[in-house]
Amino acid sequence: MNATPAPQPVPSAQEPGQEFGQEPARAPTPGSVETHCPYCSLQCGMGLRPGGATGLEVTERPAFPVNRGALCGKGRTATELLGSGARLTEPLVRRSPGGPLEPAGWDEALERIAAELTRVRAVYGPDAQGVFGGGGLTNEKAYLLGKFARLVLGTSQIDYNGRFCMSSAAAAGIRAFGLDRGLPFPMADIAESGCVILVGANPAETMPPALRYFTELRERGGTLIVVDPRRTRTAELADLHLAPRPGTDLALALGLLHLVVAEGRTDERYIAERTTGWAGARAAAMAHWPELVERITGVPVPQLREAVGHFCDAESAMVLTARGPEQQAKGTDTVGAWINLTLATGRAGRPRSGYGCLTGQGNGQGGREHGQKADQLPGYRLLTDPTARAHVAGVWGVEPDVLPGPGRSAYELLDALGSDVRSLLVLASNPVVSAPRAAHVEERLRALDFLAVCDVVLSETAALADVVLPVTQWAEESGTLTNLEGRVLLRRRAVDPPPGVRSDLWVLGALAARLGWEKGFPDDPEEVFEELRRASAGGPADYSGITYRRIAREDGVFWPCPAADGPAADGPGADGPGAGAPHPGTPRLFLDRFATPDGRARFVPVTHRPSAEEPDAEYPVLLTTGRVLAQYQSGAQTRRVAELNAAAPGPFVQLHPRLAERHGIAEGDPVAVTSRRGRAVAPARVTRDIRPDTVFMPFHWPGAGRANSLTNPALDPTSRMPEFKVSAVRVERAASEPPG
């Protein structure tokens, strides 16, 4: 791998619209606290200063290189929930089965949790205790949560909602490159590339400030190709829009690679010098000739040839994927096919080129690096690696055999609730809305012996709990997050939390003490980060050379960033554990070698296969799901912000006029969408911006319009990611408006 100096910001271009989604940069505000947005993986820089209805208002940070001051509507309104009446400000306890949640003191709530966990362990064993985390937790929280599960509870049953977001891309990246980092280059490189293929991503709505990089790409003469079954706001900006049938992205990538080979556009020298496994991948691609791919995907052969021409003619080019190709039961192979395209054309590990994943959640990158994932230890180490176990056990002061082995993946863990897993502790997640086959997951949550939830609001999941603990929000605490570029950032505390609210770190420490662990669980985030540095040292995601001081001084530090050699001096605020010159961080990976034992990237032969569930006579239509501009993830927070809720007040079903006419559906009519797993009802949005064989629903809402009542939990065999993006359904006009 190659370390390069941190990139300079790309000069600002005209902003891509000043609608609800985005505001232009303005001058920095003196006296504001510099921090980061609590939402998506861009982790946009912002300032916070006293003022406004909530006592704190958002200001811009034009100097921060990722968003250069621009903020979407979610970022601009991020402080509204801080003073909202929807906030939880005291613990809630259900004192009798089926009874209401009632206010309680912290001692009662914590004692109840400790007693129930102790009982479950004594009766059923340590693996009957489950822990479910979230991709929005800071690095410190994710780290301490994994430590809490494995040491205090002694359980292997821990995973997190990030498994639903980018795990297929992570698995494919590790398989090909030996390392997973969402983007192996800074966002700024996108604008300077010659061609970008954007697969299953809609940044115009999911991360609006990122859109400038794609508009700047085109302004500089580059080409944007968008792959999406819908004509989204992002697709409208593209030079070429490919609209494949959902679930066929793998065939599309193989068809493009077939044409690259057939037209003699492979980079044979690069393949020979920097890769292995080309013969098998080439043979697999050649079995997917263009006319076959057109029949599978619905994308015309001339468009396939046009895409290959743009991609191969450009001096530099990259492929970026998001949830579209990843949230499939063949997501790892699908991403692998797109990676093969970048390798065959000599793009990966070259300037302004390669493969990257647009990570979704705020700390989707860091959240999967430091131990809350079922198979991992801090530093992105594998739990099955004896050397990794010995290192982390040494930091934690225990013997390696104390650490349990890998546990169930997220959906498998949720599916086991009430049977093998009898208690569950949930932090920063709302699976009642966000999990596939959500009605079944809700049933499993209700079947638990005991459920405890830490949250800032009474989410749909928290409403089912036996104990709910009110915890701090982003502006009320400090901690680090790692954005989609691998840039480790510092979120700073700007305001005190309401009386009665505690941090997740404090909660874990208080529970650990009640369960017999008086030490090792501090509530000071910087103290936790110092331990995280030691635990990650030498691992794939090495943070040991990163400190709070460095992050603040440099506006973030890219991992891997090992500590300098020399005598230890790793107290809080030190510039590094070593006395030597600090490592500069690694903005761009793979320029010299890949993170594999031989330094070469690996081609992996893959072949197209049907989705886990194909349309049939009973369920003839395909459902795909996603997000809208004004809401975020399960909506637990954004649905409580007035401006955001006014912009996107409820679910809908997007369908093509031909499909609507066939079923007698007009704009605004209630539409019932039914799959083998459930039924959802929402108003119709009739538009030619979607394929006639496909309907789309956003997944932010509970109740009658809950899209995840329909989705398929079929799992990718490698990443264990569910197939959110492809479900066979039938549609019909509902008899009446959906309730509520």
Side-chain angles (χ1 to χ4, degrees), residues 132 161 163-165 246-247 323 327-329 410-415 417-418 426 429-448 459-464 611-616 618-628 631-636 638-639 648-655 663 665 669-685 694-715 721-740:
F132 201 83
N161 62 19
R163 179 79 67 172
F164 298 158
C165 290
R323 307 302 80 75
Q327 287 181 327
Q328 299 183 31
Y411 179 77
E412 292 167 304
L413 173 58
L414 295 172
D415 189 42
L417 300 181
V426 178
S429 192
N430 188 18
V432 167
V433 178
S434 63
R437 198 185 173 196
H440 172 73
V441 169
E442 183 175 344
E443 289 176 1
R444 302 323 307 152
L445 285 161
R446 293 181 184 276
L448 283 164
S459 70
E460 288 73 23
T461 302
L464 303 179
S611 298
E613 183 177 71
E614 291 287 337
D616 57 20
E618 188 176 2
Y619 300 98
V621 178
L622 288 169
L623 166 73
T624 191
T625 63
R627 287 169 48 189
V628 297
Q631 300 289 355
Y632 182 73
Q633 303 301 74
S634 76
T638 51
R639 285 187 275 114
F652 58 86
V653 180
Q654 185 185 58
L655 69 167
H663 294 281
I665 296 169
D669 283 350
V671 178
V673 183
T674 306
S675 76
R676 290 177 174 84
R677 290 155 296 280
R679 183 175 186 265
V681 181
R685 288 194 184 175
T694 302
V695 296
F696 167 83
M697 291 186 71
F699 60 76
H700 309 289
W701 289 273
R706 181 172 60 184
N708 278 320
S709 295
L710 310 169
T711 48
N712 193 350
L715 301 180
M721 175 179 274
E723 190 158 73
F724 287 97
K725 291 299 183 187
V726 191
S727 301
V729 300
R730 65 173 180 265
V731 299
E732 57 193 334
R733 191 189 188 283
S736 61
E737 292 288 343

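In this text, all values refer to a predicted model and were calculated from it rather than measured experimentally.
A distance-only check finds a donor-acceptor pair linking the side chain of Arg444 to the backbone of Leu417 [under 3.5 Å]. Remark: side-chain polar atoms of Gln631 are paired, donor with acceptor, to backbone N or O of Ala648 under 3.5 angstrom. Although no hydrogens or angles enter the test, the distance criterion places no donor-acceptor pair under 3.5 Å between the side chain of Glu723 and the main chain of Asn712. A donor-acceptor distance shorter than 3.5 angstrom exists from the side chain of Asn708 to the backbone of Val433, with no hydrogens or angles considered.
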Using the side-chain contact (heavy atoms from CB on, under 4.5 Å) rule, take His440 and Asp415 through it: C-alpha gap first, then chi angles, then the decisive distance, then the call.
CA-CA 8 Å; His440 172 73; Asp415 189 42; 2.6 Å; yes

Going through the distances and angles, do Tyr411 and Arg437 end up as a side-chain contact (heavy atoms from CB on, under 4.5 Å)?
CA-CA 9 Å; Tyr411 179 77; Arg437 198 185 173 196; 3.4 Å; yes

Are Thr638 and His700 close enough, and set up right, to give a side-chain contact (heavy atoms from CB on, under 4.5 Å), and what steps lead you there?
CA-CA 9 Å; Thr638 51; His700 309 289; 5.9 Å; no

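Note that CZ of Arg730 and CZ of Arg676 are 9.5 Å apart. Values are rounded to the nearest 0.5 Å.
Under the rule for a ring-ring contact (aromatic ring centres under 6.0 Å, His included), the partners of Tyr632 that lie at least two apart in sequence or sit in another chain are Tyr39. Glu442 meets the side chain to side chain donor-acceptor pair (under 3.5 Å) test with Arg446, Arg706; sequence neighbours excluded. In this structure Glu460 satisfies the salt bridge (charged side-chain N to carboxylate O under 4.0 Å, His left out) test together with Arg639, sequence neighbours excluded. Taking the ring-ring contact (aromatic ring centres under 6.0 Å, His included) definition, one finds that Phe724 meets it with Phe164, sequence neighbours left out. Partners of Glu614 by salt bridge (charged side-chain N to carboxylate O under 4.0 Å, His left out), not counting sequence neighbours, listed by chain and number: Arg245. Under the salt bridge (charged side-chain N to carboxylate O under 4.0 Å, His left out) criterion, Arg163 pairs with Asp159, sequence neighbours left out.
Checking Asn430, Asn161, Thr461 one by one against Ser634, the side chain to side chain contact (heavy atoms under 4.5 Å, CB included) holds for a single residue, Asn430.
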